Amino acid sequence: MLFNSFEFALFLPIVFSLYWFVFNKNLKLQNLFILIVSYVFYGWWDWRFLSLIVFSSIIDFVCALKIQNSEESNKRKVYLWISMMVNLGFLGVFKYFNFFTESFADLLKVIGFNVNTYTLNFILPVGISFYTFQTMSYTIDVYRKQLNATKDLIAFFAYVSFFPQLVAGPIERAINLLPQFYKPRIFKYEDGVEGLRLILIGLFKKVVVADNCATYVNYAFENYETASGIELILGAVFFAFQIYGDFSGYSDIAIGCAKLFGFDLMINFRTPYFSRDIAEFWRRWHISLTTWFRDYLYIPLGGSRVSKSKAILNTFIIFLVSGFWHGANWTFIVWGFLNALYFVPLLLTNKNRRHLDTVAQKTFLPSLKEIAQISFTFFITCLAWIFFRSQTLEQAFIICGKIFLGKNWVFSEFFKIDLLLISGVLITIEWIGRNKKGALGIVRFIDKKWIRLLFYYLIIMSIILLGEFSNNEFIYFQF
Amino acid sequence: MRKFLRLLFIFCFPLILIIISVNYFGDEANLYNNKYTEDLADAIMNGNNVIGVKNFNDRLLQKYIIQHHKTKFDVIVIGSSRSMLIGSENFKNKSIFNHSVTSASLEDLICLTELYESKGQLPKTIVLGIDPWIFNENHKQERWMELYEQYNRFCERQKIKSSTKFIDYLNFKANVYRELLSLSYFQKSYKKLIYSIFISKNTYQISRTLDSPNQIKKTDGSIQYSFAYRKHDYEKREIKEVNGFKNLSFNTYGKKNDFIHLIEFYKSKNIEVVFFLTPLSPRLYEQIKLDERYSFVQNTNEFLRTISESNSIPIIGSFDPFKLNLNSNDFYDDLHLRKESIDKLFRSN
């Protein structure tokens, strides 16, 4: 079920009430309750998906224990590889099988061989890329002896399937989330309020910003052959807002929901569009995934403690894999390639770790230099987003061609000024709260309680009046 | 926890109250306000054309008209929006009423028939506007459930198995009340509420003439599309698959038996039946005629011809536009034939 659906609006308060008033006396029972409702949540899409997540959980639970209990290095490796192969095997079959067969057939066609391809008619299980990565991180951490394998089956299954973050992240490390299932949760008022704030801003980002931008983005990308250059530029810009609103909105709601149940999830976005270079952008965007790749792929490859050329190669590997993780399409791979390309100048000049603080930390407005840096970073990000959003490479190249070489600068009637206003409101809220911890940092500047309440009501009314409720799914569900 | 629950109550209770109130009193689709539909029916029965009416309960409107109309009609038309343009000009010197409803299903034809049967005022002639998908079990339309009672009565009398369980009816009714909490419904209803408070309670006007650029519901129950719709460039409209084609389990015709029962009922009452088959547009028909997924169009066409021959039922029209020498100029869109072309079909029959 979607976070912005009637079903979830009923589901959450019922689960909350039962969790804190019925099952709070017994930790194991409470964890079991979390597990059951998480399976109900996940099975709501398609009950058949449950078999995969249960099987994956069983394999990783057993493998981790075997790894823990084995002294021999080879045996430990075998169990690690079993876990990896099962998880990657699921991804390979459900997500990438058709891509590989069709790409192989296309390649053979180029050299003159026509082959019939056999494609699988599988529905892509929702969230498979997220929970497989989450469980793989568990077994890898156990293998690295950074974490003890758990013997608590219910806690582990609940960790894997925890409904707030199951289908679109954040990808939680076991080190962070699993221990929270071992100790009793105590309801704290501040956490509850913060949770509600996060849900509120998350819904604003999703139904007001993302879903409204989606109408224009869909128009621009579906009519790219006849759209003007300016329409396509706006399409790319609004897609940047759409994907941010969609994805960070979902993460906010996930983190907020988790807080309501006494769990702390990791922050997944830190105002990425205020980044001053691409390296900072990737420290702020989809943090759970980028740190996953950093810890389990980039560092084992040597990271940046190798020669320059190897560091650049490692960067390309990470971004190409990351692109591929997002989808079985060449457009995602090119998107990853572009982002890697953006990194090269920073690596060559050792400037990839320049901006570790937040922009304009001591001033209210950015300097002209910072504005230029932010604008440039946003521009190159949008350019890459064109590939991310396009259905084919051809479409992406045509769009880029029309933007840079096109002569037609006519606005369409489809464009509505509301989108600029809505996006502007989001930018303002995020800018004012950029240095503050927690959701809606802007409210930390408001002393009077009644003004804060009024502000919350304004956000709620804007969700109700401006929200797009035609059940647009979250973009990242396709991953 | 108490403080948190108090906070939740402070926020949620007024909001929920506002949403429910606006949805109930604004009621953009007139889900909860039968008076709107009754006033509309009274206006029509008093010989008025209604201009600019929208968002009313089609089935309840027809029910109210049938139950309160004083005189017996010679001819009635029952079908979907594809037969809504058939009017008094197509039946000279006869009293006629068009009871067609949007997205009509076979159950609608049955329910409307039963309403007349209950009143004891079945007409001499019934024109059935039949769509190609009408016999497909997966053509999941629920709006006919407004007349669930009539459907059940017909099934009991004719001893046929109901296509719907009572739980489905309850679910249908629950969905109506679920809209009280719907945010998308709120977005439409608050505008209507403001309009009704500051401008007018009714969103339509009544007139004795047909002189309006807006859509008109005529006093004989038929409609006249808005000027803009009648004049739009059909070729520029993108071809779209429509609800009748989507999500069908192809080549299932479970409802054919119910239709046969309906025809037998008409025969038993000595009612003259006419089948009206609105053609699909040439470009849509070209697309689907060789596509196995849409073989139900041909199948339904042939089935109706068989019924027509064995029961001496005349057929006006065909799903195949080429058999009627029609071209794109004869259509408003891929499913709806122009009024002039409908008149031509009736004249030639």
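Order of the sequence lines fixes the chain letters, A, B, ..., with proteins taken first and strands second; residue numbering starts at 1 for each chain. All values derive from a computational prediction rather than experimental measurement.
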If I take atom CZ from residue F187(A) and atom NZ from residue K3(B), how far apart are they, to the nearest 0.5 angstrom?
11.0 Å
Is it the case that atom CD in Q391(A) sees more than 12 heavy atoms from other parts of the structure closer than 6.0 Å?
no
Using non-hydrogen atoms only, which part of F4(B) is less than 4.5 Å away from chain A: side chain, backbone, both, or neither?
both
For the atom pair CE (M1(B)) and CZ (F21(A)), what is the distance rounded to the nearest 0.5 Å?
4.5 Å
Decide if atom CD1 of I186(A) counts as having more than 12 heavy atoms of other residues, nucleotides or ligands within a radius under 6.0 Å.
no
Using a cut-off of 6.0 Å, state whether more than 12 heavy atoms not belonging to Y24(B) lie near its atom OH.
no
How long is the straight-line distance from CZ of R2(B) back to OH of Y189(A), given to the nearest 0.5 Å?
15.0 Å
For atom NZ of K173(B), decide whether the heavy atoms of other residues, nucleotides or ligands shown that lie under 6.0 angstrom number more than 12.
yes
Which atoms of L260(A) are under 4.5 Å from chain B, going by heavy atoms: the side chain, the backbone, both sets, or neither?
side chain
Is I10(B) in contact with chain A via its backbone, its side chain, both, or neither, using a 4.5 Å heavy-atom distance?
backbone
Under 4.5 Å heavy-atom distance to chain A, tell me which part of L183(B) shows up: side chain, backbone, both or neither.
both
To the nearest 0.5 Å, atom CD1 of I464(A) lies from atom CD1 of I19(B) at 4.0 Å
As an exercise, state the distance from SG of C12(B) to CG of L196(A), rounded to the nearest 0.5 Å.
7.5 Å
Are more than 12 heavy atoms from other residues, nucleotides or ligands located less than 6.0 Å from atom CZ of F227(B)?
no
Surrounding CD1 of I199(B) (heavy atoms of other residues, nucleotides or ligands, distance under 6.0 Å), is the total greater than 12?
yes
Can you find a heavy atom in the side chain of Q187(B) that is under 4.5 Å from one in the side chain of L466(A)?
no
According to the interplanar angle, ranging from 0 to 90°, do the rings of F11(B) and Y456(A) count as parallel (below 30°), tilted (30 to 60°) or perpendicular (above 60°)?
perpendicular
